[in-house]
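Note sheet for the following structure.
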Amino acid sequence: MTRRVGMIGTGWMGESIAADFALAGLELAAVAARDLDNTRHFAEKRGIPRALTVQQLLQEDIDLVYVATTHDTHLELALAALQHGHPVLVEKAFTVNAGQAQDLTEAAAAAGLFLMEAMWMRFTPALRTLQELIANGTLGQPRTLQASFGFSLPYGPHRLRDGSLGGGSLLDQGVYPLALADVLFGEPAFLAATGTRRDSDGAVLDVDTEFGALLGYDDGQQALVATSIRSNLPFSATVGGRDAHIELAGAFWGSECVVVHRGGADPLRIDLPHEGRGYVPMLRAVDQALEEGWLEHPLADHASTMRVMRTVDRVAEALAATSKYERGETG
């Protein structure tokens with residue numbers, strides 16, 4: 001049986017992932033958004049059979065609702081989908097804070113329905129290969145992570161500059177290195193962070209525009225992460241251990257190559273497959289979870305999502321001091 005998916009959202013994320021549903025063996029059967037005319041154009045361009053309002057989509061006979069809207073709407077839309085009896089895949093960041101994430105996971109558990117954050121990085125061949133290399137002892141015990149993700153956002157109105165839409169670098173970019181740190185080390189025992197809310201022209205916004213964070217763990221491991229929407233940073237991630245360091249080459253969240261560096265030896269390059277826009281492994285995993293009747297997927301379960309959202313909240317709290325200083329509040 002080919003499962004039928006209804007997607008809510010026609011923005012950048014919907015545009016990026018739309019073609020990958022078919023590659024994963026799923027049918028993107030309907031799409032919904034606020035502007036029905038734009039939704040119809042989106043559907044026609046991509047061969048999606050039905051263009052609907054959100055309420056119409058929730059009434060459809062579909063097997064999964066995928067929420068691909070701005071962060072501020074994730075909780076409301078996902079709860080509505082669950083209330084209509086639909087399993088739900090929610091785009092990252094899952095919600096805007098850990099409290100909302102807790103409400104959503106509890107609602108899914110009470111309804112007995114599948115729910116997952118669309119943190120596709122957890123399913124990529126590169127990350128799975130990294131985990132295999134760690135498990136077979138290639139690295140020795142992983143001790144450090146360095147990861148960054150930054151670009152200079154063109155000046156002008158944009159959802160990432162808008163706090164009412166859940167904008168900012170932390171929720172849009174920061175969840176990637178923080179999720180990678182979670183895969184490697186779990187939830188940090190210690191965290192320090194600094195950053196800014198200043199835009200490229202110096203204006204103070206109501207969202208963070210860049211931050212750096214140091215995460216420490218009970219066994220002494222550490223993760224150093226940095227993201228920005230006003231500075232160009234490497235898209236790299238490197239994991240260090242006693243015997244080697246391993247690089248997720250290129251953009252680490254969708255890397256197509258893992259490189260093992262050992263002292264005194266040539267680097268070992270492992271090239272990996274890349275299907276569609278990169279979301280296919282995650283979508284296949286969701287299809288498997290629905291086939292098996294799982295309420296969570298073990299590679300992106302609710303516990304891992306909650307750990308990352310709690311860490312997001314801790315970073316946001318640390319950044320609040322910087323924000324207060326930039327607003328001229330010294331008390």
Side-chain angles (χ1 to χ4, degrees), residues 6-17 31-36 38-39 42 52-58 65-84 86 88-108 115-120 149 151 153-154 156-176 178-179 195-197 199 203-211 227-230 300 302 305-320 323 327:
M7 180 169 75
I8 304 177
T10 57
W12 183 88
M13 192 60 231
E15 173 79 33
S16 296
I17 200 173
V31 62
R34 288 173 294 186
D35 188 318
L36 190 54
N38 286 344
T39 305
F42 184 96
L52 306 169
T53 68
V54 171
Q55 284 303 315
Q56 287 171 337
L57 183 142
L58 294 178
V65 169
Y66 167 54
V67 177
T69 53
T70 53
H71 303 130
D72 60 299
T73 62
H74 287 183
L75 177 65
E76 177 187 357
L77 292 173
L79 283 175
L82 291 170
Q83 289 163 2
H84 282 80
H86 299 301
V88 185
L89 177 66
V90 184
E91 190 48 49
K92 60 82 196 162
F94 192 58
T95 53
V96 297
N97 56 49
Q100 286 190 357
Q102 186 69 40
D103 290 343
L104 191 50
T105 57
E106 288 178 355
L115 171 71
M116 192 180 90
E117 180 184 27
M119 178 47 76
W120 61 286
F149 176 7
F151 56 84
L153 185 69
H158 194 281
R159 67 173 182 84
L160 290 177
R161 290 189 170 98
D162 191 339
S164 69
L165 300 179
S169 182
L170 174 58
L171 286 177
D172 211 73
Q173 300 165 299
V175 289
Y176 282 114
L178 294 178
T196 185
R197 293 192 171 204
D199 204 351
V204 179
L205 304 180
D206 62 350
V207 299
D208 60 282
T209 56
E210 59 188 4
F211 78 91
T227 72
S228 180
I229 58 173
R230 58 174 292 183
H302 297 173
T305 295
M306 288 303 308
R307 289 194 302 269
V308 173
M309 290 308 305
R310 286 193 295 266
T311 302
V312 165
D313 280 1
R314 292 168 67 185
V315 172
E317 183 179 358
L319 295 180
S323 173
R327 293 195 304 267

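Predicted model, so just to flag it, every value in this text is computed and none were measured.
- Remark: the backbone N or O of L115 is paired with a side-chain donor or acceptor of H302 at under 3.5 angstrom.
- Interatomic distance, R310 CZ to Q102 CD, rounded to the nearest 0.5 Å: 8.0 Å.
- With contacts defined as side-chain heavy-atom distances shorter than 4.5 Å, the pair V65/L57 qualifies.
- Using bins of under 30°, 30° to 60° and over 60° for the plane-to-plane angle, the ring pair F149/Y176 lands in the tilted bin.
- By the 4.0 Å N-to-carboxylate-O rule, D199 lies close enough to R161 to be salt-bridged with it.
- One distance of note links CG of L319 with CZ of R314; it measures 13.0 Å at 0.5 Å rounding.
- In this structure, F211 has no ring pair (Phe, Tyr, Trp, His ring centres under 6.0 Å) partners at least two apart in sequence or on a different chain.
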Stepwise side-chain contact (heavy atoms from CB on, under 4.5 Å) test for Y66 and I8
CA-CA 6 Å; Y66 167 54; I8 304 177; over 6 Å; no
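- Side chain of H74 to main chain of T69: a donor-acceptor pair is present (N/O by atom type, distance under 3.5 Å, no hydrogens or angles).
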Does T196 form a side-chain contact (heavy atoms from CB on, under 4.5 Å) with D208? I'd like the steps, not just the answer.
CA-CA 6 Å; T196 185; D208 60 282; over 6 Å; no
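- For the atom pair CG (D313) and CE (M306), the distance works out to 8.5 Å, reported to the nearest 0.5 Å.
- Not counting sequence neighbours, the partners of R159 by the salt bridge (charged side-chain N to carboxylate O under 4.0 Å, His left out) test are D172.
- S228 places no side-chain N or O within 3.5 Å of a backbone atom of E210 that could act as its donor or acceptor partner.
- In terms of modelled atom types and a separation under 3.5 Å, the side chain of H71 and the main chain of G167 share no donor-acceptor contact.
- Residues satisfying the salt bridge (charged side-chain N to carboxylate O under 4.0 Å, His left out) test with D72, not counting sequence neighbours, are none.
- Annotation: side chain of D162 is not in contact with side chain of V207 (no heavy-atom distance under 4.5 Å).
- Remark: D35 pairs with N38 by the side chain to side chain donor-acceptor pair (under 3.5 Å) rule, at least two apart or across chains.
- The closest donor-acceptor contact from the side chain of H158 to the backbone of L160 lies under 3.5 Å.
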Under the side chain to side chain donor-acceptor pair (under 3.5 Å) rule, what do T10 and T39 come out as? Steps first, then yes or no, please.
CA-CA 7 Å; T10 57; T39 305; 4.9 Å; no
Does L178 form a side-chain contact (heavy atoms from CB on, under 4.5 Å) with L170? I'd like the steps, not just the answer.
CA-CA 9 Å; L178 294 178; L170 174 58; 4.1 Å; yes
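- A 4.5 Å side-chain heavy-atom check between T227 and S169 finds at least one atom pair inside the cut-off.
- To the nearest 0.5 Å, the span separating CD on E91 from CD on E117 amounts to 8.0 Å.
- If you take CD on Q83 and NE2 on H86, they are separated by 11.0 Å, rounding to the nearest 0.5 Å.
- Considering all non-hydrogen atoms of both residues, M7 and I17 come closest at SD-CG2, 4.1 Å.
- The two residues T305 and A300 have their closest heavy-atom pair at OG1-O, 4.5 Å.
- In Q56, the CD atom is crowded: over 12 heavy atoms of neighbouring residues, nucleotides or ligands sit closer than 6.0 Å.
- In this structure D206 satisfies the side chain to side chain donor-acceptor pair (under 3.5 Å) test with no other residue, sequence neighbours excluded.
- Considering CZ of R230 and CZ of R197, their distance stands at 14.0 Å, rounded to 0.5 Å.
- Considering only residues two or more places apart in sequence or on other chains, E15 meets the salt bridge (charged side-chain N to carboxylate O under 4.0 Å, His left out) condition with R46.
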Under the side-chain contact (heavy atoms from CB on, under 4.5 Å) rule, what do V31 and L52 come out as? Steps first, then yes or no, please.
CA-CA 6 Å; V31 62; L52 306 169; over 6 Å; no
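- Counting heavy-atom neighbours within 6.0 Å of E106 CD, excluding the residue itself, gives a total above 12.
- Each of V308, L171, T105 was scored for a side-chain contact (heavy atoms from CB on, under 4.5 Å) with F94, with one residue passing: T105.
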